[in-house]
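The analysis underlying the following values was restricted to heavy atoms, covering all of them including side chains, and did not include hydrogens, waters or symmetry mates. Bear in mind the structure is a predicted one, so any value in this text is a computation, not a measurement.
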Amino acid sequence: MGALTLSQVTKSFGSTDVIKGVDLRVEDGEFCVFVGPSGCGKSTLLRMIAGLEDVTSGDVAIDGARINDLAPAKREIAMVFQSYALYPHLTVRDNMGLALKQAGVPKAEIQAATDKAAAMLSLAPLMERRPAELSGGQRQRVAIGRAIVRRPKLFLFDEPLSNLDAALRVQTRIEIARLHRDLGATMIYVTHDQVEAMTLAHKIVVLRAGKVEQVGRPMDLYNDPDNTFVAGFIGSPQMNFLKAGALGLRSDTLGIRPEHLEI
């Protein structure tokens, strides 16, 4: 189980409010994607869920249990970073199994868990290499494997593909989607890439200036945006807006809801 609930969550740095009263429910097994313009607070919100940033007010809960005061290591959450965050002096196997080793898991169990994750990610031939001997895509798969072996309740991805070239992004995106299907785990994914959001997500959360503008399934947001910000943000290329007032037309004669128009 790994259902996440955010209740009126806020984050302030001094007098600057970054997250402004976010309410959100992510169901067990869902793939939820946070999108929004740069500086909207999506990575900060992810780090608050992980425990890497303190919550100023409000509650963060997993399976109904409040986790605000739990250390990151106690939250049963695994996070995959944009920068891979691998130890350069350790092999692929040791990088993947390090958290289990620190938790005192027996060596046989660590080897079984790392071998299973390596098979899922096509890393078996690379287990004795070090990060410097790997490509960017291989390093990212190692980072994902390190998360898998911990068997967390919740996976967090912070723009994991932004350092990869276009071809590797497509390949790794397919692998992440397959992993989600195979593991059935709850995943929260931050990205600025519209294609990633629309192809991976069960649910998209659109953020602007620390607030949630709309939550819904990808095609619901695309076909029925709540406001002009969501309409202009979701989709590539962006939606064009018709200024009815400039044409001397009323919105109802165009068959368009008034809230979707810029008048």
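The side-chain heavy atoms of T5 and I62, taken from C-beta on, include no pair separated by under 4.5 Å. Residues I234 and M198 have side chains in contact (heavy-atom distance under 4.5 Å, counting atoms from C-beta outward). In this structure, E128 and R93 have side chains that are in contact, with non-hydrogen atoms separated by less than 4.5 Å. Contact annotation: the side chain of T191 approaches that of V33 to within less than 4.5 Å [non-hydrogen atoms, C-beta and beyond]. Two residues are said to be in side-chain contact when any heavy atoms from C-beta on lie closer than 4.5 Å; M48 and V9 meet this criterion. At least one side-chain heavy atom of Q214 sits under 4.5 Å from a side-chain heavy atom of P225. Taking the side chain as every heavy atom from C-beta outward, P72 and I77 never approach each other to under 4.5 Å.
Applying the side-chain hydrogen bond (donor to acceptor under 3.5 Å, both in side chains) test to D59 and every residue at least two apart in sequence or in another chain returns R66. D23 meets the salt bridge (Lys or Arg N to Asp or Glu O under 4.0 Å) test with no other residue; sequence neighbours excluded.
If you chain together hydrophobic residues whose side chains sit under 4.5 Å apart, V170 and V80 never meet in one group. Residues L90 and Y84 are members of separate hydrophobic clusters, defined by side-chain heavy-atom contacts under 4.5 angstrom among Ile, Leu, Val, Met, Phe, Trp and Tyr. No chain of hydrophobic side-chain contacts below 4.5 Å, direct or via other Ile, Leu, Val, Met, Phe, Trp or Tyr residues, connects Y87 to M127. Each of I174 and L121 belongs to its own hydrophobic cluster when Ile, Leu, Val, Met, Phe, Trp and Tyr are linked at side-chain heavy-atom distances under 4.5 angstrom.
Atom CE of M96 sits about 6.0 Å away from atom OG1 of T114, to the nearest 0.5 Å. Between atom CG of residue L98 and atom CZ of residue R146 there is a gap of 8.5 Å, rounded to the nearest 0.5 Å. Atom CD in E53 sits 5.0 Å away from atom CZ in R47 (nearest 0.5 Å). Note that the CG atom of L168 and the CZ atom of R141 stand 8.5 Å from one another [nearest 0.5 Å]. Distance check: Q171 CD to I176 CD1 gives 11.0 Å after rounding to the nearest 0.5 Å. Rounding to the nearest 0.5 Å places OG1 of T172 at 7.0 Å from CD1 of I144.
Across all their heavy atoms, A113 and L100 have their closest contact at CB-CD1, 3.9 Å. Between L46 and V190, the closest heavy-atom pair is CD2-CG2, 3.9 Å. The minimum heavy-atom distance linking P88 with P131 is given by the pair O-CD, 3.7 Å. Heavy atoms only, all atoms of each residue included: V195 and R173 are closest at CG1-NH2, 3.6 Å. Of all non-hydrogen atoms in G210 and V22, the two that sit nearest each other are O-CG2, 3.8 Å. The two residues A50 and L156 make their nearest non-hydrogen contact at CB-CD1, 3.6 Å.
Within 6.0 Å of CZ on R151 lie no more than 12 heavy atoms contributed by other residues, nucleotides or ligands. Counting non-hydrogen atoms of neighbouring residues, nucleotides and ligands closer than 6.0 angstrom, the CG atom of D54 reaches no more than 12 such neighbours.
With hydrogens and angles disregarded, no donor-acceptor distance shorter than 3.5 Å links the side chain of E196 to the backbone of D193. A donor-acceptor distance shorter than 3.5 angstrom exists from the side chain of N68 to the backbone of G58, with no hydrogens or angles considered. Between the side chain of R139 and the backbone N or O of L134, at least one donor-acceptor pair lies under 3.5 Å. Distance alone, capped at 3.5 Å, places no donor-acceptor pair between the S12 side chain and the S15 backbone. Between the K20 side chain and the A209 main chain, a donor and an acceptor come within less than 3.5 Å of each other. In this structure, D63 contributes its side chain and A3 its backbone to a donor-acceptor pair below 3.5 Å. At distances below 3.5 Å, at least one donor-acceptor pair connects side-chain atoms of R178 with backbone N or O atoms of M120. Put simply, the side chain of Q194 gets close to the backbone of F233: a donor and an acceptor are under 3.5 Å apart. A donor-acceptor pair under 3.5 Å is formed between the side chain of N223 and the backbone N or O of M219. No side-chain donor-acceptor contact under 3.5 Å links H192 to the backbone of E159.
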Practice prompt. List the steps and the verdict of side chain to side chain contact (heavy atoms under 4.5 Å, CB included) for R25 and L4.
Written response: CA-CA 6 Å; R25 171 79 177 180; L4 173 74; over 6 Å; no
Practice prompt. Determine, stepwise, if the pair V26 / L6 fulfils side chain to side chain contact (heavy atoms under 4.5 Å, CB included).
Written response: CA-CA 9 Å; V26 180; L6 306 180; over 6 Å; no
Worksheet item: Yes or no on side chain to side chain contact (heavy atoms under 4.5 Å, CB included) for V205 and L24, after CA distance, side-chain angles and deciding distance?
Response: CA-CA 9 Å; V205 180; L24 179 66; 3.7 Å; yes
Practice prompt. Check the pair K153 / R75 against side chain to side chain contact (heavy atoms under 4.5 Å, CB included), numbers first and verdict last.
Written response: CA-CA 8 Å; K153 289 185 176 181; R75 296 190 178 199; over 6 Å; no
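A salt bridge does not link K107 to E109: none of the charged side-chain nitrogens sits closer than 4.0 Å to a carboxylate oxygen. Between R169 and D165 there is no salt bridge, since none of the side-chain N atoms of the basic residue sits less than 4.0 Å from a carboxylate O of the acidic one. Taking the charged nitrogens against the carboxylate oxygens, K11 and D17 have no contact shorter than 4.0 Å, which rules out a salt bridge.
Remark: the R130 side chain and the T91 side chain contain no N/O donor-acceptor pair separated by less than 3.5 Å. Looking at T10 and S57, their side chains do bring a donor and an acceptor atom within 3.5 Å of each other. A donor and an acceptor atom, one from each side chain of T186 and E30, are nowhere located under 3.5 Å apart. Checked by atom type, the side-chain pair Q82/S162 shows a donor-acceptor distance below 3.5 Å.
Y189 has its ring centre no less than 6.0 Å from the ring centre of F34.
For the pair R208 and F229, the cation-pi test (distance below 6.0 Å, angle within 45°) is passed.
Ring geometry for F155 versus F157: interplanar angle under 30°, hence parallel rather than tilted (30 to 60°).
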